[in-house]
Amino acid sequence: MDGERSTLRQQQVRFAKRIAQALESARKDHAFDRLVVMAAPRMLGLLRDAMPDTSRAAVVAEVPKDLVHLDPKAIRNYIPRAALIG
């Protein structure tokens, strides 16, 4: 069991690093200037750890929820209003 958990955790860390790299690349390409990060709490922590300071500085809100099962319209309802202003 512990080996399986360790392997899963390593996969999650690698996935978070890939996402963080993609976000940093997009930031450098000026694809966004503000960012709302939505992820399950554990993944949100991994993303936070993997993101460089330059990307983290663009984060205006975090939503610690697994919203993968929702449609885009429902997901938009989770964006904090304050993140939309600015």
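Note that this is a predicted model, so its numbers are computed, not measured. FYI, side chains are in, hydrogens and waters are out, and symmetry mates aren't considered; it's all heavy atoms of this structure.
- Separating the CG atom in L23 from the NZ atom in K28 is a distance of 12.5 Å, to the nearest 0.5 Å.
- Side-chain heavy atoms closer than 4.5 Å link hydrophobic residues (I, L, V, M, F, W, Y) into clusters, and following such links, possibly through other members, connects M43 to V59.
- Of all non-hydrogen atoms in V60 and A83, the two that sit nearest each other are CG2-CB, 3.7 Å.
- Under the rule for a salt bridge (charged side-chain N to carboxylate O under 4.0 Å, His left out), D33 has no partner lying at least two apart in sequence or in another chain.
- When all heavy atoms of R34 and I85 are compared, the closest pair comes out as NH1-O, 2.8 Å.
- For the atom pair CZ (R27) and OG1 (T54), the distance works out to 4.0 Å, reported to the nearest 0.5 Å.
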Side-chain donor-acceptor pairs under 3.5 Å in residues 13-22, sequence neighbours left out?
none

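- Here L70 contributes atom CG and N77 contributes atom CG; the two are 9.0 Å apart, rounded to the nearest 0.5 Å.
- Nearest heavy-atom pair across V63 and P80 is CG2-CD, 4.1 Å.
- Under the 4.5 Å side-chain heavy-atom criterion for ILVMFWY residues, a single connected hydrophobic cluster contains both I79 and L67.
- With hydrophobic clusters built from ILVMFWY side chains whose heavy atoms lie under 4.5 angstrom apart, F32 shares a cluster with M51.
- Within the structure, every pair that satisfies the salt bridge (charged side-chain N to carboxylate O under 4.0 Å, His left out) test and touches residues 62-83, not counting sequence neighbours, is listed here: R48-E62.
- By the criterion of side-chain heavy atoms lying less than 4.5 angstrom apart, applied directly or through intervening Ile, Leu, Val, Met, Phe, Trp or Tyr residues, M38 is not grouped with L35; the two fall into different hydrophobic clusters.
- Of all the heavy atoms in A39 and L44, the pair that sits closest is CB-N, 3.9 Å.
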